[in-house]
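Here the structure comes first, spelled out in structure tokens, and everything after it is commentary.
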Amino acid sequence: MQACGQVFFKDSSMGGRMVAEYNPREIEPKWQKFWEEHNFNRTDEEGQKKYYVLEMFPYPSGRLHMGHMRVYSIGDVLARFLRMRGFSVLHPMGWDAFGLPAENAAIERQVHPAQWTYANIEAMRKQQKALGISYDWEREVATCAPDYYKWTQWLFILFYNRGLAYKKKAAVNWCPHCNTVLANEQVEDGGCWRCSSEVVVKDLEQWFFRITDYAERLLDDLKLLSGWPERVRTMQENWIGKSEGAQIRFPIKGSERHIPVFTTRPDTLYGVTYMVLAAEHPLVDELTLGTPQEVTVHAFVAKTRKLTDVARSSTEMIKEGVFTGAYCINPVNGEEVPILVGNYVLLGYGTGAVMGVPAHDQRDFEFARKYDLPMRVVISPRDNYLQAEDLTEAFVDEGVLVHSSLFDGKPNVAVKKEITEYLVENNWGEAKITYRLRDWLISRQRYWGAPIPMVYCDHCGTVPVPEEQLPVLLPEDVVFKEGGKSPLADHPAYLHTTCPACGGDARRETDTMDTFIDSSWYYFRYTDSQNDTLPFAKEKSDAWVPVDQYIGGIEHAILHLLYSRFFTKVLHDAGFTSAVEPFTRLLAQGMVNKDGAKMSKSKGNVVSPDEIIEKYGADTGRLFILFAAPPEKGLDWSDRGVEGCYRFLKRVWRLVDRYADAVSHVGSERSTADESDLTLRRAMHTALKKVTDDIEERFNFNTAISSVMEAVNAAYSYMNEKEDNIHPGIMAEILEMVVLILAPFAPHLGEEMWVRLGHSESVHLQDWPTYDPAALVVSEVEVVVQVNGKVRSRLTLPAGLNAEAMQQLVVSDERITQLVADKQVIKVVTIPDKLVNIVVR
RNA sequence: GCCGAAGUGGCGGAAUUGGCAGACGCACUUGACUCAAAAUCAAGCGGUCUCUGACUGUGCCGGUUCGAGUCCGGCCUUCGGCACCA
């Protein structure tokens with residue numbers, strides 16, 4: 001830290017006699033200006049103990065909301081605390097600045113997205129500074145800046161060169177409101193994640209990232225993330241959706257072709273009685289063309305394809321199917337089974353075909369009953385031979401195989417592997433792992449994003465833009481039209497270019513990248529934000545990445561966190577980072593609500609950070625937001641609660657104000673400490689120990705703050721008892737500790753009080769105090785006396801007695817003697833210095 | 001339906017390893033200061049009763065234990081996530 005060691009008030013009015021009242025409106029801007037002028041939060045790159053604290057960077061929507069204030073408050077307490085603990089802390093901030101709202105603003109208000117975005121950044125940065133958050137602003141990044149998206153494009157080409165970016169025609173999710181495609185992860189309940197409009201499926205040629213190549217590692221390495229909340233890991237695990245099973249080829253009767261089918265239940269293979277294809281399955285047309293079934297099947301397919309994905313994936317949807325007229329052959333027993341087309345089979349999962357085993361799969365069971373398809377039991381409980389006709393539901397429990405030729409009598413769990421081996425031996429199929437995860441669709445038909453740096457040439461095909469021509473800049477002279485296609489596609493000067501390979505006429509790709517790409521690598525850029533030859537240098541990023549503590553909203557449990565993990569792994573494989581995971585610890589902070597509901601304009605329950613800063617100051621707002629609930633839980637905003645925190649800070653202020661002069665001249669006149677002096681000192685050191693543990697190990701800022709309050713309450717009791725007759729040495733120690741441990745929470749007040757106590761160096765440059773174990777020693781303890789587990793008395797006993805001595809003292813207590821008098825003592829349980837329980841009959 | 005988290009005063013929440021349930025704060029009540037109010041300081045504050053004491057109490061039912069908010073079994077409710085995944 002550069003500003004370290006600087007005497008800060010000799011050259012200014014910083015240390016002037018303070019005003020009598022706590023006035024955050026005066027002191028907060030004063031210290032913010034001081035920190036800024038002295039570049040106070042600049043990262044120390046030389047330190048040995050490094051810690052990277054990162055809050056998810058915001059989208060520059062215009063104003064900060066309480067959710068932002070909460071994340072930043074959490075991050076800043078940690079950053080300031082860790083600096084006092086001797087760490088070199090990297091604590092940067094930036095802007096996830098590409099995205100649709102800017103473009104919509106452009107359409108609505110005729111203001112260029114860049115202008116709108118940068119104005120918002122200005123406004124929000126100002127708010128962050130008004131909160132007193134200790135960011136190293138020299139590392140600020142904005143993903144929409146050409147010197148940032150140049151490297152986003154560079155990384156796209158890296159992915160392309162590694163075979164991880166490819167273009168294909170596929171059925172993709174289209175949001176009709178946003179006029180662009182979406183990745184699978186960005187569809188929630190069949191709606192667009194941003195605007196909730198129902199998405200429709202379109203066949204389009206689009207760019208994808210091959211995230212499925214990393215499915216296994218993304219799943220496996222979740223094991224490394226013990227510092228993540230379990231629910232986030234589980235969500236990712238479910239999203240990746242690994243299934244192990246077999247892929248089996250069913251030859252089509254009277255054809256050279258076959259239908260590949262994925263199943264997790266190869267043990268039920270002898271029970272297959274029909275086959276169902278997805279409506280979009282390429283074999284459907286082939287099987288029915290020119291047959292009597294053609295018209296029926298065609299009508300069914302058309303009807304099914306018209307259904308939205310929401311309707312199709314709803315459990316309420318009625319399962320329907322039609323017979324194609326064709327049959328395929330079960331390879332293991334040579335049986336002919338009918339091929340149907342069904343509305344519940346998804347082309348995107350497995351092979352788009354399902355083998356029907358109605359006796360052992362509930363869905364198949366219902367479907368078979370409805371269409372009167374045959375049913376065969378192939379797994380039966382050992383002691384009870386099942387008959388297909390008797391079944392009222394599918395038998396899905398474990399059992400032994402029947403009607404399964406060579407495998408009869410064997411337990412079905414073991415047979416899964418054996419049947420798979422049997423399939424391999426006969427070349428009928430093989431073991432197969434399927435994932436629910438799909439490749440990441442990254443094209444967006446919008447303007448305000450990083451252009452995909454690709455060129456299409458009639459001679460050379462698809463050609464990446466060479467590095468020296470990066471960035472491919474967004475043209476500024478574009479026209480934004482309501483509901484239209486991307487302005488880039490309508491911009492001839494942008495569209496027409498020359499081929500980097502042959503120099504001939506060529507066309508640019510006019511799609512831009514999903515903004516989640518921008519945010520998948522920004523935490524690397526912070527470590528080397530000025531680099532103009534690489535996105536970041538390995539030695540710089542290796543000093544900090546992985547991020548030690550990442551903090552953000554749970555809404556990114558899959559999206560941003562999965563994509564960032566993928567990016568880190570690719571960058572690792574390409575030799576750019578040693579990290580295999582981007583975020584060692586993750587804190588998913590809860591929402592800020594008011595009156596039991598999410599803050600929203602329509603409910604009229606919005607409280608803005610600005611009004612809180614204006615009325616009470618940033619320190620009070622920060623303190624309340626951390627005090628009201630543990631960080632990972634929802635927080636209910638309470639105006640009364642805020643006032644309580646304001647009161648507390650004023651209480652601290654008055655305490656320090658009253659004794660600052662007395663304790664700043666502590667000299668040889670110190671008196672001998674009496675009992676109440678020592679009690680106060682014990683309260684302080686107890687609080688200090690608890691605050692340290694709460695921040696460091698548990699992130700329980702709410703209980704940390706309550707401990708500081710207890711210490712301050714103890715100081716008030718002491719003050720009321722002693723008035724001016726205090727022990728100056730102990731009072732000095734108490735006041736300094738209170739100010740030091742409060743400083744990360746209320747940094748402005750901390751600074752002001754520290755000066756008031758006669759110091760000439762910033763409180764934020766001080767070492768975190770360590771508690772004195774000697775101060776915690778007590779001579780007497782209160783021991784609870786129970787009879788049969790019920791509290792009957794409390795005795796004050798000397799500390800450190802052994803069990804026997806405690807029991808003797810307890811039994812001789814008059815109250816207890818009476819209670820136990822005519823009873824038989826069965827046993828006595830003793831917890832030293834705490835409790836004695838006498839069990840009687 | 002499946003997976004996960006949670007359920008404690010009037011409210012937000014605490015109790016970290018099975019050992020005094022309700023820390024801390026809010027609200028409320030009372031006292032001091034004041035002509036008065038605000039601010040501030042101090043005291044009280046789960047419920048019930050026969051009130052210097054006892055009983056009862058951490059979603060419900062049961063269990064383990066000298067002792068359970070905490071551990072075990074079975075439910076109920078709320079909130080998140082996933083959901084024809086073959």
Side-chain angles (χ1 to χ4, degrees), chain A residues 21 188-189 229-239 241-243 245 261-265 268 275-276 278 312-319 342-346 348-357 361-364 366-367 434-436 554-555 557-558 590-591 596 623-624 627-630 632-645 647-648 650-651 654 687 690 693-694 697-698 700 702-713 716-717 719-720 782-794 826-831 834-840:
Chain A
E21 284 295 305
E188 292 168 356
D189 280 335
E230 194 186 313
R231 65 180 162 145
V232 176
R233 286 183 308 195
T234 308
M235 282 164 76
Q236 293 216 352
E237 199 179 312
N238 292 341
W239 187 263
K242 180 179 180 175
S243 311
V261 168
F262 173 75
T263 180
T264 54
R265 295 295 304 275
T268 63
M275 178 72 63
V276 193
R312 272 184 91 171
S313 57
S314 148
T315 27
E316 275 98 71
M317 191 193 70
I318 301 148
K319 292 183 189 61
N343 61 359
Y344 67 97
V345 179
L346 309 169
Y349 186 80
T351 62
V354 178
M355 62 184 213
V357 188
D361 181 287
Q362 189 57 28
R363 268 172 318 161
D364 294 351
E366 286 160 21
F367 190 74
T434 297
Y435 300 93
R436 209 185 78 107
I554 189 76
E555 68 273 15
I558 295 177
M591 289 211 311
L623 194 72
F624 170 73
F627 178 64
E632 70 279 4
K633 292 219 183 120
L635 180 154
D636 209 57
W637 189 268
S638 148
D639 294 331
R640 296 285 203 175
V642 179
E643 279 176 42
C645 286
R647 261 201 296 270
F648 169 69
K650 284 194 288 188
R651 225 163 125 80
R654 281 193 302 271
K690 181 148 168 60
D693 290 348
D694 281 351
E697 280 158 36
R698 307 201 308 158
N700 281 7
N702 55 331
T703 52
I705 293 165
S706 74
S707 297
V708 184
M709 289 173 170
E710 285 181 89
V712 171
N713 289 346
Y716 264 75
S717 303
M719 176 171 80
N720 286 321
E782 193 185 57
V783 171
V784 171
V785 187
Q786 298 181 332
V787 176
N788 287 347
K790 294 194 171 174
V791 180
R792 293 300 176 201
S793 180
R794 294 158 209 274
I826 312 253
K827 78 174 186 184
V828 182
V829 181
T830 310
I831 309 292
K834 269 196 172 165
L835 172 146
V836 176
N837 185 13
I838 304 163
V839 186
V840 296

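Remember, predicted model here, so these are calculated numbers, not experimental data. The sequence lines fix the lettering, A, B, ..., with proteins before strands; numbering per chain opens at 1.
- Rounded to the nearest Å, the gap between the C1' atom of U58(B) and that of U8(B) is 4 Å.
- Nucleotide C66(B) is shown with an anti base, its glycosidic torsion being more than 90° from 0.
- Atom C1' of C55(B) sits at a distance of 45 Å from the matching atom of C2(B), rounded to the whole Å.
- Spacing of C1' atoms, G7(B) relative to C75(B), comes out at 14 Å, to the nearest Å.
- To the nearest whole angstrom, the two P atoms, one in A43(B) and one in A23(B), are 15 Å apart.
- Applying the 3.5 Å distance criterion, the base of C66(B) shares a donor-acceptor pair with the side chain of Asn837(A).
- Pairing for A42(B) is with U30(B), a Watson-Crick or G-U wobble pair whose two hydrogen-bonding atom distances lie under 3.5 Å.
- Pairing of C55(B), defined by two Watson-Crick or G-U wobble distances under 3.5 Å, is identified with G47(B).
- Across all strands shown, Tyr716(A) has heavy atoms under 4.0 Å from sugar-phosphate atoms exclusively, and none from any base.
- Residue Arg640(A) places none of its side-chain N or O atoms closer than 4.0 Å to OP1 or OP2 of G12(B).
- Rounded to whole Å, the C1' atom of G69(B) lies 31 Å from the corresponding atom of G1(B).
- Residue Gly634(A) is classed as a sugar-phosphate contact, given heavy-atom separations below 4.0 Å to backbone atoms only.
- When the side-chain nitrogen and oxygen atoms of Arg647(A) are compared with OP1 and OP2 of A38(B), none of them lie within a distance under 4.0 Å.
- Contact annotation: Thr434(A) does not reach the phosphate of C85(B) (side-chain N/O to OP1 or OP2, under 4.0 Å).
- Among the heavy atoms of the strands, none lies under 4.0 Å from Ser638(A).
- Look at the P atom in both G57(B) and A68(B): the space between them is 11 Å, to the nearest Å.
- Contact of Lys690(A) with U16(B) (side chain to base): a donor-acceptor pair of N or O atoms is detected under 3.5 Å.
- With its glycosidic angle more than 90° from 0, G69(B) adopts the anti conformation.
- For U70(B) and A21(B), the C1' atoms lie 11 Å apart once the distance is rounded to whole Å.
- Across all strands shown, G7(B) forms a Watson-Crick or G-U wobble pair, both distances under 3.5 Å, with C76(B).
- Using a 4.0 Å heavy-atom distance criterion, Asn713(A) is classed as a sugar-phosphate-only contact.
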